[in-house]
Amino acid sequence: MKHLIDIKDLSVEEIDKMIEVAKDIIANKEKYSHKCDGKLLATLFFEPSTRTRLSFEAAMLRLGGEVLGFSEASSSSVSKGETVADTIRTVGCYADIIAMRHPKEGAPLVASEKSTVPIINAGDGGHNHPTQTLTDLLTIKCEKGRLNDLTIGLCGDLKFGRTVHSLISAMSRYKNIKFVLISPKELVIPEYIKKEVLDKNNIEYIETNDIEEHMSELDILYMTRVQKERFFNEEDYIRLKDYYILNKEKLEKAKKDLCVMHPLPRVNEISTDVDDDPRACYFKQAQYGMFIRMSLIMKMLGVE
Ligand code: NCD
């Protein structure tokens, strides 16, 4: 049995295969509509979610399987003081696979140590979000046609943004990748990612707080929301929340085939006037998320 806690739990070959299957699902949806008949996915969300939970559930339903779960901790026995480990052992008696999101870093890892069924980390605090990264990789592959030879701008909350952490970790395994890390100084990428991922793999990166400085070099611009729920004080959040607002004007110097991504939800960081720009990929990205999760569920359940 295999869990997906960190994107590195999957090899590059496994990810590439999963992307190929997702592309086949997009082209031949009917072929997959009974692949998971009789299987049950539990979504245990101890933190709010729209896309991740609903795309997991839509993915399982579109494979012919069924879903159950909860979308807030207050509606589960956690509110009575039950531990994550006990919750997981119980849900494993009912479901074949579990996707869980938790505000505490490491909670899905702890859960996986006790689980009798595969666990998927659907986001743990400000740490990791491997299935968003699979979504991002499928988006990049479909929109750019490649996962090598890319200059990727990551903008916003690089400190608490778990999607950014997992994406850097995944992209660092492809060839000729360069990162432009754009954030206010209070929200720079954590030191452990610089040391253990970027430096260790000799990845070229630049840190800046200016979104326009390297705009013309970017193939991907990945915008992120300032993670309000991870701040210790509201004043800091209010000061930093609108630090970057991408609009049409700022995109003037960008490449014609730039791909603007965002894991969503957006608050203010992309102005709605960008939505009609052909370079805006974030709603397509949300849709790719369902297809890659279909591919992931099949793989983790051992469905051919
Ligand atoms: C992200 C998350 O939950 O980390 N959302 C998502 O899963 N699509 C990004 C965010 O909440 O800002």
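Indexing begins at 1, ligand by ligand and atom by atom, following the structure's order.
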Donor-acceptor check, side chain of Q285 to backbone of H262, threshold 3.5 angstrom: yes or no? yes

Report the residues that fulfil side-chain contact (heavy atoms from CB on, under 4.5 Å) with E196, sequence neighbours left out, ordered by chain and then residue number. Y192

Check residues 145-157 and write down every donor-acceptor pair under 3.5 Å in which the side-chain atom is one partner and the other belongs to a residue at least two apart or another chain.
residue: R146; atom: NE; partner: N148; partner atom: O; Å: 3.2
residue: R146; atom: NE; partner: D149; partner atom: O; Å: 3.0
residue: R146; atom: NH2; partner: D149; partner atom: O; Å: 3.1
residue: N148; atom: OD1; partner: K175; partner atom: N; Å: 2.8
residue: D149; atom: OD1; partner: N176; partner atom: ND2; Å: 2.9
residue: D157; atom: OD1; partner: K159; partner atom: N; Å: 3.2
residue: D157; atom: OD1; partner: F160; partner atom: N; Å: 2.9
residue: D157; atom: OD2; partner: Q227; partner atom: N; Å: 2.8

Kindly give the cluster partners of F45, where membership spreads through any ILVMFWY side chain lying under 4.5 Å from a current member. none

For K144 and D257, run salt bridge (charged side-chain N to carboxylate O under 4.0 Å, His left out): C-alpha distance rounded to whole Å, both residues' side-chain angles, the deciding distance at 0.1 Å, then the answer. CA-CA 8 Å; K144 305 296 301 179; D257 64 347; 3.6 Å; yes

Close-range residues for ligand 1, whose non-hydrogen atoms fall below the 4.0 Å threshold: T52, R101, H129, Q132, R162, T163, R225, Q227, P263, L264, P265

Look at E191 together with K194 and state whether they make a salt bridge at an N to O cut-off of under 4.0 Å. yes

